[in-house]
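Taking it in order: structure first as structure tokens, then the write-up.
Since the structure is predicted, the reported quantities are computational estimates derived from the model, not experimental observations.
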Amino acid sequence: MHLPSYGCVLCANGGEETLFHVLLACPLALECWILLGPFLDIFDEPYAILYSFKWQLHVPFFMKVIIIMSWCIWISRNDLIFKGILPSIQSCLVHFKAVFTLVILRVKEDWKVPMSQWPHQTL
């Protein structure tokens with residue numbers, strides 16, 4: 001498939017839009033991850049980054065946090081492309097909190113209290 005551009009729509013410099021770039025290396029993504037607390041070394045391998053997130057977040061539900069933030073970054077990208085809504089760190093954070101709250105309703109009982117307390121400590 002030929003596209004008119006392979007540049008990232010979220011970046012001012014238009015770096016190549018790869019999955020790694022959009023979810024981890026793009027300036028918007030970096031700022032979103034910084035809000036959650038983990039230090040991100042984008043020069044690491046993807047699995048090393050996941051392990052680093054696990055270690056830095058230090059919660060049993062770390063993968064849920066990673067998936068939800070990745071989803072929020074992806075939604076911000078798609079909102080810009082398909083709806084013309086400019087992305088912001090604040091909109092990502094609001095969306096993250098909304099989705100995270102819904103996930104809390106469906107997790108194991110053992111995780112409900114720690115998950116309910118975690119965003120207030122971090123965000």
Grouping I, L, V, M, F, W and Y whenever their side-chain heavy atoms are under 4.5 Å apart, do W55 and L36 come out in a common cluster? no

Shortest non-hydrogen pair, V9 vs E17, comes out as N-OE2, 4.1 Å

query = Any chance CH2 of W71 has more than 12 other-residue heavy atoms, nucleotides or ligands included, within less than 6.0 Å?
reply = no

Sorted by chain and number, sequence neighbours left out, ring pair (Phe, Tyr, Trp, His ring centres under 6.0 Å) with F100 holds for F96, W118

In this structure, CH2 of W74 is separated from CD1 of I67 (nearest 0.5 Å) by 15.5 Å

| Is there a chain of hydrophobic side chains (I, L, V, M, F, W, Y, each step under 4.5 Å between heavy atoms) that links I34 to I89? | no

Taken in chain and number order and not counting sequence neighbours, the residues that satisfy side chain to side chain donor-acceptor pair (under 3.5 Å) with S52 are Q56

Smallest heavy-atom separation, A29 atom then V22 atom, equals CB-O, 3.3 Å

The reported gap from CG in L28 to OG in S91 (rounded to nearest 0.5 angstrom) is 7.5 Å

Rounded to the nearest 0.5 Å, the NZ atom of K64 sits from the CZ atom of R106 at a distance of 10.5 Å

Nearest heavy-atom contact between F62 and L50 is CE1-O, 4.3 Å

The salt bridge (Lys or Arg N to Asp or Glu O under 4.0 Å) partners of K83 (sequence neighbours excluded) come to D79

Are side-chain heavy atoms of L80 and I85 found at a separation under 4.5 Å? no

Students should find that the hydrophobic cluster of L105, defined by side-chain heavy atoms under 4.5 Å apart, otherwise consists of L102

Here the gap from H95 atom NE2 to I75 atom CD1, rounded to the nearest 0.5 Å, amounts to 5.5 Å

For residues 107-118, the salt bridge (charged side-chain N to carboxylate O under 4.0 Å, His left out) pairs (sequence neighbours left out) are none

Side chain to side chain donor-acceptor pair (under 3.5 Å) filter on T101, not counting sequence neighbours, yields none

| With the 4.5 Å side-chain cut-off for hydrophobic clustering, are I49 and Y47 part of the same group? | yes

Q. Side-chain contact, heavy-atom cut-off 4.5 Å: W33 with I73?
A. yes

One should read off an interatomic distance between I81 CD1 and L10 CG, to the nearest 0.5 angstrom, of 7.5 Å

Note, P27 side chain near C11 side chain (heavy atom, < 4.5 Å): yes

(message) Please tell me whether V103 and M63 are part of a single hydrophobic cluster in this structure, the criterion being side-chain heavy atoms less than 4.5 Å apart.
(response) yes

*Hphob cluster co-occupancy, L30 + F20, side-chain heavy atoms under 4.5 angstrom*: yes

Worksheet item: Does some side-chain heavy atom of I66 sit less than 4.5 Å from a side-chain heavy atom of S70?
Response: yes

So CD of Q90 and SG of C32: to nearest 0.5 Å the spacing works out to 10.0 Å

